[in-house]
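Working notes, structure below.
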Protein chains: 2
Amino acid sequence: MARATLESVARHAAVSRQTVSNALNAPHLVHPETLTRVRAAISELNYRPHHAARTLRTRRSQLVGARIEPWRDGVNGAVLDRFLQSLTAHAQARGQRILLFTAEDDEQECSHYEDLLSGLDLDAFVLHGTHADDRRTAWLAQRRVPFVTFGRPWGSTGTHGWVDVDGAEGTRAATAHLVAAGHRRIAFLGWPEGSEVGDDRRSGWADLALAAGLEVRPGYDAGVADGLGTGRAAAAAMLDLDVPPTAIVCASDSLALGAWTELTARGLRPGADVAVIGFDDSTTAAVVGLSSVAQPLDDAAAACLRMLHDVLETDRPRGGRPDDADGPPGSGRTGPPDPVLLSPRLVVRASG
Amino acid sequence: MARATLESVARHAAVSRQTVSNALNAPHLVHPETLTRVRAAISELNYRPHHAARTLRTRRSQLVGARIEPWRDGVNGAVLDRFLQSLTAHAQARGQRILLFTAEDDEQECSHYEDLLSGLDLDAFVLHGTHADDRRTAWLAQRRVPFVTFGRPWGSTGTHGWVDVDGAEGTRAATAHLVAAGHRRIAFLGWPEGSEVGDDRRSGWADLALAAGLEVRPGYDAGVADGLGTGRAAAAAMLDLDVPPTAIVCASDSLALGAWTELTARGLRPGADVAVIGFDDSTTAAVVGLSSVAQPLDDAAAACLRMLHDVLETDRPRGGRPDDADGPPGSGRTGPPDPVLLSPRLVVRASG
DNA sequence: AAGAACGATTTGAACGCTCCAATGACCGTT
DNA sequence: AACGGTCATTGGAGCGTTCAAATCGTTCTT
């Protein structure tokens, strides 16, 4: 049988097209009695609005773009995948959909924005992996494209909404946990200074080390490129110190697993002999029993979409529907929404 | 500045709407001289066709649906993510996009198809994780929705296109590799009989064990639910046999890593003392140095989209464009496309 | 030389929806 | 009885595109 349209539903319910449309989009405008009749017709004909037609008219596609990463680091890459999964689930619950695209770098990503937007496919974007002087956010902001980022603007004069997880709090919690377990010589194995996320995570450890008066010796603060090999080498150097640390807090699970590998290679047991705590709670961490700081990715995804909703609502020329209850009327908020900073959770396993 | 439309481009090039449309969709219909003029206007105004408008008219959205899994098994879950990543990249190259959705089970997945299709959002689907009597493929086939699956129909009278990786070949190669290394007592650690993928992978081992006349003792063929704990327990049982195997081929990296854990716990070195080979080449396998059978996921994704293209082309009521060269004219192929079975690749690491 | 056939281009209509302005019904007030 | 006002509903227009048919000029056929 042919597809049901507004027209056919209208005929079936003996009303006009527009009344059916209203029954769906603005039920408060239509008489209760008519409403039930229209609704009956809708379900009887199994009608669903035609997405493309609606998009053409309203210029809203309910599609949100997100970038899926080209298989980068094997260990930490899964963070994005989990985020995407949550994003999809929450978007679905909101009647939106996630559209994937890939890009090799920020530059290319921008040109994809161009493609995706000029076809008017997408309402908005969710970005991740923001960094200082991010050309992507600049590009989007300049064109007034709605978007939110998972990740802080990091120093840029970010005037956009963002959601992030407090990395410093994570490493602080990890360090505090080790202190509570009796450790006094706790090292930090992170990335070279200059990476925003890395510096943030380092600061949590440094803060608590200072506050708790820990014994921080030279060589207790390493900065190497992310990876298993580099992590292992850096851990080896720490263990070879005259007074080696008894615990290592790491900026990533990659580094932590490198350290973990070095420990077991030396016959040392992670946790019992030297404690190691990673970051991101990768599956590998769970497998080998590595303690790690877990990011609340599901909450982050939900927050991103909630924020995006606000941004789109504010942006909407005609204002939202009455039933949306988007704050006090006439509030006329024009600035970016309030950022959301979530707390990570320390997952304690055998290694610390 | 306002968005460019066919109309504005047409005015700019002093031709009609339709000629511009033809310049884009059927260049052979338009005079070369006019063509260059139109193309100049297009690039000058930075015109891009409006996706929704085109979809409304042509009933083709260039959108392909794919399901993203709710975080299931941690170790093997990444296979899907890598597949999705490749799918996105190849779709992008074809001018298509991947739209994500989630579902808890097959039943729910079908009702999502309903939603996604009735809004005419999607042209087709790429399914994965097929099994015998898969209600999803039945649902889609019945409604003549274009789709392909990554995974065989497994016994169902599947009349749809599919792409899969030859699991038996993978375990056969793994076993052969161990035989070449001098092993004679090679066990198989897999899932309980009845799972199609599991039985397939078991058969590769069994085939070669028979052909090479290996010493297969009772207890050398285990079937347990996937997981680290179960894998570890099953491996322990094997190692406790009077005559334990010298190598274990596993149906998954989860199981293999379970075995790997048991080995190291006993002070045995994987590879040197007892060889272990996993399946799926997870990141964890790479990290700990576990040999594993890698699926050519990128090739699989490319094959899926190529096949989908054929299906959509065949389906198209009016036939493709002349420049598409889709086989001999009048071939009138109506059946499903030829399936594609890809060969996996054994990645040898320290463990075997 | 008239008609047929072709190539290049144009015009009108339609896809299904929502916006906008307008209509009629009903109420209470003058 | 005529007037403004609210509520419920309606018809027309238009979003940007492609399809189908029509137009016009040119060349091939008989």
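Within every chain, numbering begins at 1; the chains are lettered A, B, ... in the order of the sequence lines, protein sequences first and strands thereafter.
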To the nearest angstrom, how far is [X] atom [atom1] from [N] atom [atom2]?
| X | N | atom1 | atom2 | answer |
| --- | --- | --- | --- | --- |
| A:Q62 | C:dC17 | CD | C1' | 14 Å |
| B:E7 | D:dC15 | CD | P | 10 Å |
| A:R3 | C:dG16 | CZ | P | 7 Å |
| B:R60 | C:dC15 | CZ | C1' | 15 Å |
| B:R54 | D:dT17 | CZ | P | 8 Å |
| B:H50 | C:dG16 | NE2 | C1' | 14 Å |
| B:R48 | D:dT17 | CZ | P | 13 Å |
| A:L6 | C:dT18 | CG | C1' | 9 Å |

Would you indicate which nucleotide in C:dC17, D:dG16, C:dT18 comes nearest to any side-chain atom of A:T5?
-> C:dC17

What's the closest nucleotide to the A:T58 side chain, out of C:dC17, C:dT18, D:dT17?
-> C:dT18

For B:A23 and B:R39, work out which heavy atoms get closest and say how close.
->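 Heavy atoms of B:A23 and B:R39 come nearest at O-NH2, 4.4 Å.
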
Are any non-hydrogen side-chain atoms of B:L87 and B:V126 less than 4.5 angstrom apart?
->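 In contact.
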
What class does the angle between the rings of A:F150 and A:F83 fall in, given that below 30° is parallel, 30 to 60° is tilted and above 60° is perpendicular?
->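 Rings of A:F150 and A:F83: parallel, as their planes differ by under 30°.
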
For the pair B:H160 and B:F147, name the ring-plane relationship: parallel under 30°, tilted 30 to 60°, perpendicular over 60°.
->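 Ring orientation, 0 to 90° scale: tilted.
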
What residues, two or more places apart in sequence or in another chain, satisfy side chain to side chain contact (heavy atoms under 4.5 Å, CB included) together with A:R152?
-> A:W154, A:W162, A:D164, A:D200, A:L341

B/S/- contact track for nucleotides 5-13 of chain C, protein heavy atom under 4.0 Å = ---SSBBBB

Check whether the side chains of B:Q18 and B:N22 place a donor and an acceptor atom closer than 3.5 Å, and report yes or no.
-> yes

OP1, OP2 of C:dT18 versus side-chain N and O of A:R59: anything below 4.0 Å?
-> no

For atom CZ of A:R135, decide whether the heavy atoms of other residues, nucleotides or ligands shown that lie under 6.0 angstrom number more than 12.
->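 Result for CZ/A:R135: open.
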
